[in-house]
Asker: 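This structure is in structure tokens; I'll ask about it shortly.
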Amino acid sequence: MTELSHTTHKHSVAVIGSGPAGFTAALYAARAAMDVTIYEGMQPGGQLTITTEVENYPGFEHGIQGPELMDVMRKQIHRFGAISVYETVTALDTSKRPFTLTTESGKTQSVDAVILAMGASAKLLGAKGEQEYMGYGISACATCDGFFFRNQDVLVIGGGDTAMEEANYLTRFCSSVTIVHRREEFRASKIMIDRAHSNPKIKFLLNTTVDEFQGITLESGLKKMTTAILRNTQTGAITEHTTDGAFVAIGHQPNSKLVKGIVAMDDGEYVLTEGKSSYTNVAGVFACGDLQDTVYRQAITAAASGCMAAIDAERWLEQQH
């Protein structure tokens with residue numbers, strides 16, 4: 001690991017958060033001859049570090065493991081001089097320039113520009129076994145992982161537009177999709193509910209929650225989720241539901257706590273950017289990736305926005321000087 005020696009040297013750009021957005025921002029900024037520090041935080045590599053096979057990232061004909069892809073990106077930014085700090089930024093002072101970042105250990109860093117790339121986290125159920133089998137039969141992204149469940153029977157857990165959209169998408173691949181929802185009524189829009197009801201591959205389990213996920217260990221040594229323990233919210237009855245996969249579709253939470261009250265956000269606490277740029281409402285602070293993306297949330301779109309943020313930061317810095 002490359003460590004940073006905190007001195008009075010003023011770095012041009014700090015990238016907060018890793019993953020495809022942060023690493024790409026660091027890559028472009030470093031290649032533009034800027035001094036780049038990337039704060040990788042508690043989960044270096046972001047959400048892809050808990051993803052198994054990644055088949056939809058360009059350049060890898062036969063796919064690549066999520067952690068391996070992030071490691072390749074990290075080595076690439078280090079090649080161009082970017083410095084990784086494996087700490088979480090706990091405070092950001094933008095009241096004067098240069099900006100000041102403070103990490104969990106109390107160290108501070110002065111920077112000319114900041115690129116926010118903290119990403120977003122899928123909201124999870126908190127059910128027993130959910131973390132254990134995440135990536136091994138449980139997913140939080142149908143677009144990312146639906147292809148792996150061809151001709152299989154899966155569950156989609158949730159009652160909003162996300163659940164309906166993911167269920168409909170999964171019917172392209174799966175034999176059947178069962179939507180599990182804790183209530184009788186849905187939060188989803190009527191048009192999304194009607195689409196799900198009219199899809200012959202979609203079934204419904206209402207007034208039902210998931211208490212636990214269970215599975216097996218394959219001969220290869222890998223784990224595989226095979227069973228969802230369901231509870232009826234009205235009667236309390238417990239049933240075992242055999243399934244090939246489960247998609248948790250109860251929304252995402254942007255990791256924007258650090259900049260709450262600093263930069264403008266929408267009602268869901270996603271960072272707002274100006275037009276098609278990465279500019280926030282604070283001059284010198286840019287945002288990219290899932291932190292500001294409420295629509296696509298893919299590794300490739302995150303990487304693309306990281307490129308945009310680095311170019312925007314470079315041009316902004318040139319204007320200041």
Asker: Under 3.5 Å, is there a donor-acceptor pair between the side chain of Lys223 and the main chain of Glu132?
Answerer: yes
Asker: Indicate if Ile229 and Leu124 have the same hydrophobic cluster label, given that clusters are the connected sets of ILVMFWY residues with side-chain heavy-atom separations under 4.5 angstrom.
Answerer: no
Asker: At what distance, to the nearest 0.5 angstrom, does CD1 of Ile179 lie from CD1 of Ile157?
Answerer: 11.0 Å
Asker: Just so I know, are the side chains of Ile115 and Cys288 near enough to count as touching, which here means a heavy-atom distance under 4.5 Å?
Answerer: yes
Asker: State yes or no: are the ring centers of His181 and Phe186 separated by less than 6.0 Å?
Answerer: yes
Asker: Is it possible for you to check whether Arg150 lies under 6.0 Å from the centre of the six-membered ring of Phe173, through NZ or CZ, and within 45° of that ring's axis?
Answerer: no
Asker: Is the charged tip of Lys224 near the ring of Tyr136: under 6.0 Å from the six-membered ring centre and within 45° of its axis?
Answerer: no
Asker: Test Phe213 against Thr226 for side chain to side chain contact (heavy atoms under 4.5 Å, CB included), laying out the working first.
Answerer: CA-CA 8 Å; Phe213 292 103; Thr226 59; over 6 Å; no
Asker: Should the heavy atoms of other residues, nucleotides or ligands under 6.0 Å from OH of Tyr296 be counted, would the total exceed 12?
Answerer: no
Asker: Cut-off 3.5 Å, side chains only: do Asn151 and Ser175 have a donor facing an acceptor?
Answerer: no
Asker: Look up atom CD in Gln76 and atom CZ in Arg31, then write down how far apart they are to the nearest 0.5 Å.
Answerer: 8.5 Å
Asker: Under 4.0 Å between a side-chain nitrogen and a carboxylate oxygen: does that hold for Glu269 and Lys257?
Answerer: no
Asker: Among the clusters formed by ILVMFWY side chains lying less than 4.5 Å apart, do Leu258 and Ile262 turn up in the same one?
Answerer: yes
Asker: Taking the six-membered ring where the residue is Trp, are the ring centres of Phe247 and Phe149 under 6.0 Å apart?
Answerer: yes
Asker: So how far is it from Arg182 CZ to Thr209 OG1, rounded to the nearest 0.5 Å?
Answerer: 9.5 Å
Asker: Can a donor-acceptor pair be found, under 3.5 Å and without considering hydrogens, that links the side chain of Thr24 to the backbone of Ala21?
Answerer: no
Asker: Do side-chain atoms of Asp112 reach the backbone of Val13 as a donor and acceptor pair under 3.5 angstrom?
Answerer: no
Asker: Taking all heavy atoms of Val36 and all of Ala29, pick out the closest pair and write down the distance.
Answerer: CG2-CB, 3.5 Å
Asker: Can you name the nearest heavy-atom pair linking Ala249 to Thr162, along with the distance?
Answerer: CB-CG2, 4.0 Å
Asker: Run the side chain to side chain contact (heavy atoms under 4.5 Å, CB included) check on Thr301 and Asp293 step by step: do they pass?
Answerer: CA-CA 9 Å; Thr301 53; Asp293 177 9; 3.9 Å; yes
Asker: Apply salt bridge (Lys or Arg N to Asp or Glu O under 4.0 Å) to Lys75 and list each qualifying residue two or more places apart in sequence or on a separate chain.
Answerer: Asp71
Asker: Would you indicate whether the side-chain heavy atoms of Lys201 and Val177 approach each other to under 4.5 Å?
Answerer: no
Asker: Tell me whether Ser305 contacts the main-chain N or O of Gly289 through its side chain, where contact means a donor paired with an acceptor under 3.5 Å.
Answerer: yes
Asker: Consider only side-chain heavy atoms of I, L, V, M, F, W and Y, link residues closer than 4.5 Å, and tell whether Ile300 and Leu27 are in one cluster.
Answerer: yes
Asker: Answer whether the closest heavy-atom distance between the side chains of Asp211 and Leu230 falls below 4.5 Å.
Answerer: no
Asker: To the nearest 0.5 Å, what is the distance between CG (Asp290) and CG (Asn255)?
Answerer: 9.0 Å
Asker: Thr100 and Asp93: side-chain donor and acceptor closer than 3.5 Å?
Answerer: no
Asker: Indicate whether the side chain of Asp153 and that of Ser176 have a donor and an acceptor atom separated by less than 3.5 Å.
Answerer: yes
Asker: Looking only at atom types and distance, does a side-chain atom of Glu87 sit under 3.5 Å from a main-chain N or O of Ser105, one as donor and one as acceptor?
Answerer: yes
Asker: Please tell me whether Glu104 and Thr90 have a donor and an acceptor in their side chains that are separated by less than 3.5 angstrom.
Answerer: no
Asker: Please give me the minimum heavy-atom distance between Ala196 and Met164, naming the atom from each residue.
Answerer: CB-SD, 3.7 Å
Asker: Would you indicate whether Leu218, at its atom CG, is surrounded by more than 12 heavy atoms from other residues, nucleotides or ligands within a distance under 6.0 Å?
Answerer: yes
Asker: Mind checking whether His252 and Arg297 have side chains closer than 4.5 Å, heavy atoms only?
Answerer: yes
Asker: Taking all non-hydrogen atoms of both residues into account, name the closest pair between Ser12 and Leu317 and its distance.
Answerer: O-CD1, 4.2 Å
Asker: Looking only at atom types and distance, does a side-chain atom of Glu130 sit under 3.5 Å from a main-chain N or O of Lys128, one as donor and one as acceptor?
Answerer: no
Asker: If you count the non-hydrogen atoms of other residues, nucleotides and ligands that lie under 6.0 Å from CD in Glu314, is the total more than 12?
Answerer: yes
Asker: Contact between Leu92 and Val114 at the side-chain level, heavy atoms closer than 4.5 Å - yes or no?
Answerer: yes
Asker: Count the heavy atoms of every other residue, nucleotide or ligand shown that sit under 6.0 Å from CZ of Arg79, and state whether that count exceeds 12.
Answerer: no
Asker: Do Thr227 and His241 have side-chain atoms, one donor and one acceptor, less than 3.5 Å apart?
Answerer: no
Asker: Verify the neighbour count for atom CD of Glu61: are there more than 12 heavy atoms of other residues, nucleotides or ligands below 6.0 Å?
Answerer: no
Asker: State plainly whether one hydrophobic cluster holds both Phe80 and Met34, where clusters connect Ile, Leu, Val, Met, Phe, Trp and Tyr through side-chain heavy atoms under 4.5 angstrom apart.
Answerer: yes
Asker: Is a side-chain N or O of Thr280 found less than 3.5 angstrom from the main chain of Val285, in a donor-acceptor match?
Answerer: yes
Asker: Which heavy atom in Asn56 sits nearest to a heavy atom in Cys144, and how many Å separate them?
Answerer: ND2-CA, 4.2 Å
Asker: Over all heavy atoms of both residues, which pair between Tyr57 and Leu69 is shortest? Give the atoms and the distance, please.
Answerer: CG-CD2, 4.1 Å
Asker: With clusters defined by side-chain heavy atoms of hydrophobic residues (ILVMFWY) lying less than 4.5 Å apart, directly or transitively, does Ile216 cluster with Ile138?
Answerer: no
Asker: Show the numbers, then the answer: is there a side chain to side chain contact (heavy atoms under 4.5 Å, CB included) between Ile16 and Leu101?
Answerer: CA-CA 10 Å; Ile16 305 176; Leu101 295 83; 3.6 Å; yes
Asker: Strictly by modelled atom types, are Ser278 and Asp312 linked by a side-chain donor-acceptor pair under 3.5 Å?
Answerer: yes
Asker: Measure the spacing between CD of Glu165 and CG of Leu170 and express it to the nearest 0.5 Å.
Answerer: 10.5 Å
Asker: Could you grab the distance from atom OG of Ser189 to atom CZ of Arg195, nearest 0.5 Å is fine?
Answerer: 8.0 Å
Asker: Measure the acute angle between the ring planes of Phe286 and Tyr279, then classify it against the limits of 30° and 60° as parallel, tilted or perpendicular.
Answerer: perpendicular
Asker: Between Tyr270 and Gln292, does a side chain to side chain contact (heavy atoms under 4.5 Å, CB included) hold up when you go through it step by step?
Answerer: CA-CA 5 Å; Tyr270 283 86; Gln292 51 82 54; 5.7 Å; no
Asker: Quick one: does Thr102's side chain get under 4.5 Å of Val89's, heavy atoms only?
Answerer: no
Asker: Is it true that a side-chain atom of Tyr39 and a backbone atom of Ser84 form a donor plus acceptor pair closer than 3.5 Å?
Answerer: no
Asker: Using only atom types and a distance under 3.5 Å, with no angle test, would you say the side chain of Thr233 pairs donor to acceptor with the backbone of Asn207?
Answerer: yes
Asker: Using modelled atom types and a 3.5 Å cut-off, is there a donor and acceptor pairing between side-chain atoms of Asn232 and backbone atoms of Thr208?
Answerer: no
Asker: Taking C-beta and beyond as the side chain, do Gln152 and Cys174 meet within less than 4.5 Å on heavy atoms?
Answerer: no
Asker: Using side-chain heavy atoms (C-beta onward) and a distance below 4.5 Å, is His197 in contact with Ile202?
Answerer: no
